[in-house]
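Quick notes on the structure that follows.
Below, read A as the first sequence line, B as the second, and so on, with proteins coming before strands; counting in each chain starts at 1. Only a predicted model underlies this, so the values are computations on that prediction, with no experimental measurement involved.
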Number of protein chains: 2
Amino acid sequence: MAGIADVAALAGVSKATASRALSGAGYVSQATRARVQDAATRLGYVPSTSAVSLATGRTQNIGVVMPYLNRWFFAEVLEGIQQALLERGLDLTLYDAKPGSPGRARIFDDFLARKRFDGLIAVGLEPVDREIDQLTLIGRPIVSVVGSGEQTSVVAVDDDLAARRATEHLIELGHRNIAFVGGSPRSHWAHVDQERLAGYRHAMRQAGLSQFVQHAHSEVTMPGGYAAAADLLGDARNRPTAIVGVCDEVAIGAMIAARRLGILVPSALSVVGIDDHEFAEMFALTTLRQVPREQGMAAVEVLLAEIDDPNRQRTHLRMPARLIMRTSTAPLSAPAGG
Amino acid sequence: MAGIADVAALAGVSKATASRALSGAGYVSQATRARVQDAATRLGYVPSTSAVSLATGRTQNIGVVMPYLNRWFFAEVLEGIQQALLERGLDLTLYDAKPGSPGRARIFDDFLARKRFDGLIAVGLEPVDREIDQLTLIGRPIVSVVGSGEQTSVVAVDDDLAARRATEHLIELGHRNIAFVGGSPRSHWAHVDQERLAGYRHAMRQAGLSQFVQHAHSEVTMPGGYAAAADLLGDARNRPTAIVGVCDEVAIGAMIAARRLGILVPSALSVVGIDDHEFAEMFALTTLRQVPREQGMAAVEVLLAEIDDPNRQRTHLRMPARLIMRTSTAPLSAPAGG
DNA sequence: TTGAAAGCGTTACCAC
DNA sequence: GTGGTAACGCTTTCAA
């Protein structure tokens, strides 16, 4: 493998000059620069990343920690991060830290401590106290996507607002008996779930519908929403006329459950989600759109700025979600009861 | 940051001894080893990965290239890989090489050439000729998950067999007019699609049903399957009584389309998929199960063996898929025609 | 504008 | 069993 010494030799200059010529830092005459670059391409020179890291203290690599890879939101964020890093020639090292798994402890104890990265993006991590300490102890800039994060910069959608808008949309359509499906005490989306639940509650209260507030717990997955909605809708006497899903996956699960029970959407049941999941269109789901891919890209932006200037002030980006109207919601049809 | 020199000093030994004591290679007395380890934990010593890489030539990192992150199969494989690496203390650097994207070229030209890894796992890559050359030029072991891969070791499901079994299952139920949905010429799953299509054709031919062979092209996604099936089923005169989906996502899309058209599954239409996707259960989809997570773990196994012994013979692992019967398939009901 | 040489933090060879 | 020391491949002063 050709090293910088070979390049220097071929170009007839010293290693120092070759290094400067290739990295673009420091004075080099146009002529020598050209000669060095020529030699480099000729030899197919590729700098050794470990040598560069050792000498500069920079890894040119960003770490990403997330609890799930196989969920729409996380995969999209990851793609956004990846794309933004790719454009800048930075590598991405992935850590899959499943909540409560033995592997998670190892990641925090060993992997992250290795500092194989110049900065870290934590997606939906919801770290417990000890983990937060470990993160800050790393001494590298950190940006959270989703999550409360007082300690780090944060990029996220305004969850409270999104849920409020979703609920208000249903209220405007004349619904009163509106249930919220999704989220459970032991969910690892805890923070997001709670923000959204709070938004729903807020909207209900403000409309004087506190008596109708109803929260059906569920796993935050499509099957989870299916199961929870099946329960919720099973009791015909006390059935809501509309559902706010904590996210599209849950909302779609609820729609499928409704169909199985012979409850027509939207004539007998309106459903609204939050996300604008890739399946939302297919299910004609009305939803509040967030674009996780953009959140991922924004997180990279913020992180790189902090790497550049470690004293930079923390950024807290909360993006608004936009209502996308499809046909899973409809005005409350002439009701049987009041 | 404490370096190995500090550890050595605190333990009262040389750097060389400290290194041996910590890495476990070479002779060190029990007593000194204990003393060194104690000093290390005391100082919170963490070796510099770049220094280690530079000295050993090993990065303790595995590269993973895949074209999509947001599809069930890929996400599952990635989780399997991640888990297997985690157990061994190895890092994972991710390269998201979308087919035809400008970024893809960069990945092959720049990123992979950096060799920031001891070995590479390529998932469903379908590389074009130039890319294959670039991969082999890296000079590191490579394992493909899915894909033709003559040049590398391969871990995959037996696609031909899976599709054949799926088709045979329908034939045994009395179906004759069986269509295959999924895959298109410009699909980037090309190889898998074709294997499965071939399996379907094979089974049809063997049962003397060649005249019924019908391939509805579609994107290999749930919405893709939906659209293709909507077309296919729209023409009531020439409608198949059963569908083989190239994968579960397509099959589920087809089921949803059927429902929209008022075609009951399974009484009026049987649908079988391949995958056992996380949604298969919820849709009661009969399918041929593959476990991508295990494929990912197996790929790691093979790769590490090849890293250990570069002269090792290539491995070609083709796992069989198992039929999981649910209720999306049923015997052909007393037919109107044919 | 260029070059010599000193790191960067490990490992590994070779004496002792 | 242990310690000195030369790599590993690059960047970065500091002189020239």
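- Summarising the geometry, atom CZ belonging to A:Arg114 is positioned 7.5 Å from atom OG1 belonging to B:Thr49; distances are rounded to the nearest 0.5 Å.
- With a 6.0 Å radius and a threshold of 12 heavy atoms from other residues, nucleotides or ligands, A:Arg42 has its CZ atom at or below the threshold.
- Side-chain atoms of B:Thr152 and B:Val143, non-hydrogen and from C-beta on, never get closer than 4.5 Å to each other.
- If you check residues 26-38 of chain A against DNA chain D, you find no residue with a heavy atom closer than 4.0 Å.
- Judged by distance alone, the side chains of B:Asn70 and A:Glu76 do bring a donor and an acceptor atom under 3.5 Å apart.
- Nucleotides of DNA chain D that come within less than 4.0 Å of any heavy atom of chain A span, from the 5' end to the 3' end, D:dG9 to D:dT12.
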Distances under 3.5 Å only, N/O to N/O: pair up the protein atoms with those of nucleotides 12-16 of chain C.
none

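- To the nearest 0.5 Å, atom CG of residue A:Asp91 and atom OH of residue B:Tyr95 are 4.0 Å apart.
- Here B:Ser48 does not reach the OP1 or OP2 of C:dG9: none of its side-chain N or O atoms lies under 4.0 Å away.
- Take B:Ile307 and apply the side chain to side chain contact (heavy atoms under 4.5 Å, CB included) test, not counting sequence neighbours, and it matches B:Arg58, B:Ile62, B:Asp118, B:Pro141, B:Leu303, B:Leu304.
- Using a 4.0 Å cut-off on heavy atoms, none of the residues of residues 1-12 of chain B approach DNA chain D.
- The bend of the helix from C:dT1-D:dA16 to C:dC16-D:dG1, defined by the angle between the axes of its first five and last five pairs, stands at 40° to the nearest 10°.
- No more than 12 heavy-atom neighbours from other residues, nucleotides or ligands sit within 6.0 angstrom of CG on A:Asp129.
- Of all heavy-atom pairs between A:Gly100 and A:Arg104, the closest is N-CD, 4.2 Å.
- For CG of A:Asp109, the number of neighbouring non-hydrogen atoms (other residues, nucleotides, ligands) closer than 6.0 Å is greater than 12.
- Between A:Arg116 atom CZ and B:Thr93 atom OG1 the span is 7.0 Å, to the nearest 0.5 Å.
- For the pair B:Val13 and A:Val46, both in contact range of DNA chain D, the more 5′-proximal nearest nucleotide belongs to B:Val13.
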